[in-house]
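Everything on this sheet refers to the single structure shown next.
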Protein chains: 2
Amino acid sequence: MARSSTRPTSRDVAQAAGVSQAAVSLVLGDKWRGRVSETTAERVREAARDLAYRPNLAARNLRLGHTRTVLLVVPALTTEFFAGVYTGAARVAADHGFGVVLYPSPEGIGPARDPFASAQAALDGVIASSMAADALTAIRGDQLPLVMLDSDPSGSLGAATVNLDIADGVRQVASHLLGLGHRRFLHLAADVPSWTFEVRARELAAQLAAVPGTSVRTAHAPISIDGALTAAEAALAAPGPRPTALVCDDDKLAAGAYKAARRLGLRVPDDISVTGLDDLALATALDPELTTVRLDAELFGERGMQALLAVLEARAPDAGDIPVELVVRGSTAPPSPS
Amino acid sequence: MARSSTRPTSRDVAQAAGVSQAAVSLVLGDKWRGRVSETTAERVREAARDLAYRPNLAARNLRLGHTRTVLLVVPALTTEFFAGVYTGAARVAADHGFGVVLYPSPEGIGPARDPFASAQAALDGVIASSMAADALTAIRGDQLPLVMLDSDPSGSLGAATVNLDIADGVRQVASHLLGLGHRRFLHLAADVPSWTFEVRARELAAQLAAVPGTSVRTAHAPISIDGALTAAEAALAAPGPRPTALVCDDDKLAAGAYKAARRLGLRVPDDISVTGLDDLALATALDPELTTVRLDAELFGERGMQALLAVLEARAPDAGDIPVELVVRGSTAPPSPS
DNA sequence: GCCTCCAAGTAATACGTATAACGTCGACTC
DNA sequence: GAGTCGACGTTATACGTATTACTTGGAGGC
């Protein structure tokens with residue numbers, strides 16, 4: 001009770017158990033086989049329990065030279081998607097005794113543009129979404145093990161990459177809509193410079209170009225319901241034959257597209273088919289429910305963390321993109337004969 | 001280049017600058033006024049820059065006895081709400097040189113039921129949502145400074161609390177619906193044991209009890225769109241006069257209620273008015289847009305972090321609940337004359 | 001009876017930092 | 001010219017842990 005004000009250390013435990021500090025470390029670190037008798041070990045464990053002893057992580061990290069903590073850099077948390085990525089990454093991390101610290105990218109997160117300063121933690125590695133591009137230069141400065149999420153595999157300077165098979169998702173969307181008979185498309189694209197959106201644009205163009213008689217226009221919008229509403233309304237009200245299918249870069253944009261259609265008196269899917277990408281909770285809250293591409297955010301996070309663990313252990317990370325799946329719901333139908 | 005494989009330490013910087021390690025610490029810690037000449041200081045800074053020196057946080061934390069890192073315990077991240085709380089808390093934290101580590105509660109986060117083990121960080125304090133109740137006993141074990149979010153002020157054992165004025169939100173909803181003429185209510189309640197939901201139930205009952213001729217039934221549902229769909233459909237299909245107003249504990253439940261109404265052939269708001277609580281992006285994606293209570297999640301997080309900083313500095317945290325605001329949209333209307 | 005060896009620990013040390021306590025050297029005072 | 005003082009540093013130390021060496025008291029072999 002002499003040191004009741006400060007947290008107990010391993011030395012306090014040692015004193016309480018009548019052993020040396022080294023013995024405490026041995027017992028609690030589970031390295032005591034053949035070094036400490038079972039009875040003494042039990043005495044130590046009991047003392048630790050009585051004092052509610054918790055090892056000082058800072059000291060341990062210093063001694064060990066690593067922290068079992070990694071940083072996850074994401075563009076934002078405002079959507080379930082990256083929340084899911086975090087959850088998946090944190091689960092795998094916990095299974096391996098790691099913790100995950102989050103750095104949601106700079107827009108308004110404070111004066112510190114430096115992800116390492118803001119996340120006050122000593123780190124063993126970094127997982128970064130390519131959408132948080134502004135933080136990346138700072139990250140490359142530190143030579144920490146790095147895994148990139150949804151990033152150009154050929155352009156990431158040797159960092160390991162883990163990607164969703166977005167291109168395949170877009171193929172499935174295009175195939176679905178073409179199969180229904182659509183030929184006039186509008187692509188509602190995210191107004192964000194990122195590889196993952198480039199892939200959508202490129203792949204959609206490629207798929208449609210392969211079918212004679214198709215046309216496609218593109219409108220750009222910030223990733224928000226209201227932003228998409230404005231952009232989609234303008235694009236749909238433009239002169240010329242109206243598109244019959246509206247392919248959106250993600251579900252939020254699709255929700256904005258619904259509102260635009262409503263304003264213009266168009267009915268989904270009778271007058272216009274709409275597709276999304278993500279399969280957020282939003283997708284089934286819409287009326288009609290949204291045909292979209294399901295991305296497994298948690299699996300994405302898990303694979304990201306697994307890849308980082310592989311890098312840390314100097315193993316080769318698993319290769320192969322994560323498959324995605326088209327979910328057909330009520331927002332797509334054959335075009336009405338005009 | 002002798003130690004090129006390992007990260008440079010302050011001693012390396014000292015050697016490169018031709019000074020002692022202490023001088024490096026002084027200069028980089030900005031405590032050198034009157035102790036080191038300007039020219040020497042500049043030489044040190046230059047050496048640090050050249051070597052891309054970053055102080056070892058583990059060593060610093062050990063020396064300083066604190067980590068400037070706090071833990072945020074939330075029930076889940078799958079909705080924007082707690083993502084917003086995190087964002088707000090992290091912003092204030094960053095402004096004060098703190099970092100925030102996240103612990104989304106146990107459902108499926110791994111074998112470690114212990115938030116401190118899972119978040120591999122040495123902590124200075126904890127902010128915990130009362131909805132993550134299962135983690136709380138573990139948290140109380142450690143005598144860390146604690147701030148509770150949305151928790152019973154009288155029952156939180158002396159921990160500081162920061163609350164949204166949910167009761168006032170419910171009052172506004174009740175007043176709005178009563179003013180429109182509604183008398184038969186259905187309360188779609190979250191099936192989660194938490195103070196914040198108890199407040200909703202209690203306050204709604206109190207408000208309606210004050211008006212003669214009102215009736216209210218209650219249905220419980222897990223907080224998910226599909227869960228709410230099932231519960232709401234059953235409740236609305238029950239015998240007896242149908243409620244004309246459906247008060248939901250949050251926006252997700254309201255989204256499920258929309259689907260239930262649709263299935264039963266009821267139109268919102270003509271046949272039934274619906275209200276939510278949260279004002280997620282979901283609220284304006286619904287058709288008609290949802291009348292709901294806007295909670296400022298980021299402000300909530302900011303206030304939580306401010307309160308924790310106050311506790312850490314032995315100041316009294318700001319008192320007073322955070323005001324909320326009814327947002328009237330298209331999902332509420334006078335009851336149709338039956 | 002002496003050497004060996006093992007069980008059961010302990011003493012000592014290093015990790016990288018921040019800071020308190022301590023030099024040293026020149027200029028200035030009187 | 002002795003004493004004082006400020007400017008500019010340096011030396012030493014502690015934070016709490018994990019781990020590598022070392023000690024010691026016997027038990028067993030021959």
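Quick note on labels: first sequence line is chain A, next is B, and so on, each numbered from 1.
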B:Q15 atom CD, neighbour heavy-atom count above 12 within 6.0 Å: no

side-chain contact (heavy atoms from CB on, under 4.5 Å) involving [X] - partner list, sequence neighbours excluded:
X: B:A58; value: A:N61, A:L62, B:N56
X: B:T196; value: B:M131, B:D150, B:I166, B:S194, B:R200
X: B:A83; value: A:L77
X: A:E302; value: A:R91, A:V92, A:L299

Could you tell me the separation between the [atom1] atom of [X] and the [atom2] atom of [N], rounded to a whole number of Å?
X: A:L57; N: D:dT17; atom1: CG; atom2: P; value: 10 Å
X: A:R68; N: D:dT17; atom1: CZ; atom2: P; value: 18 Å
X: B:L62; N: C:dA14; atom1: CG; atom2: C1'; value: 12 Å
X: B:N61; N: D:dA14; atom1: CG; atom2: C1'; value: 15 Å
X: A:R7; N: D:dG16; atom1: CZ; atom2: P; value: 11 Å
X: A:Q15; N: D:dG16; atom1: CD; atom2: P; value: 14 Å
X: B:N56; N: C:dG16; atom1: CG; atom2: P; value: 7 Å
X: B:L64; N: C:dT17; atom1: CG; atom2: P; value: 12 Å

Polar atom pairs (N or O), protein with nucleotides 26-29 of chain D, under 3.5 Å:
none

Of the listed nucleotides C:dT17, D:dT17, D:dT10, the one nearest the side chain of B:V19: D:dT10

Less than 3.5 Å apart, which donor and acceptor atoms pair up between the side chains of residues 309-316 of chain A and the rest of the protein, not counting sequence neighbours?
{"from": "A:E313", "atom 1": "OE1", "to": "A:R315", "atom 2": "NE", "distance (Å)": "2.8"}
{"from": "A:E313", "atom 1": "OE1", "to": "A:R315", "atom 2": "NH2", "distance (Å)": "3.1"}

Pairs meeting criterion side-chain hydrogen bond (donor to acceptor under 3.5 Å, both in side chains) with involvement of residues 64-76 of chain A, two or more places apart: A:T67-A:D124

Flag the pair A:L28 / A:Y53 as yes when at least one side-chain heavy-atom distance between them is below 4.5 Å, and no otherwise. yes

What residues, two or more places apart in sequence or in another chain, satisfy salt bridge (charged side-chain N to carboxylate O under 4.0 Å, His left out) together with A:E42? A:R45, A:R49

In residues 20-43 of chain B, which residues come under 4.0 Å of DNA chain C by heavy atom? B:Q21, B:A22, B:S25, B:L26, B:K31, B:R35

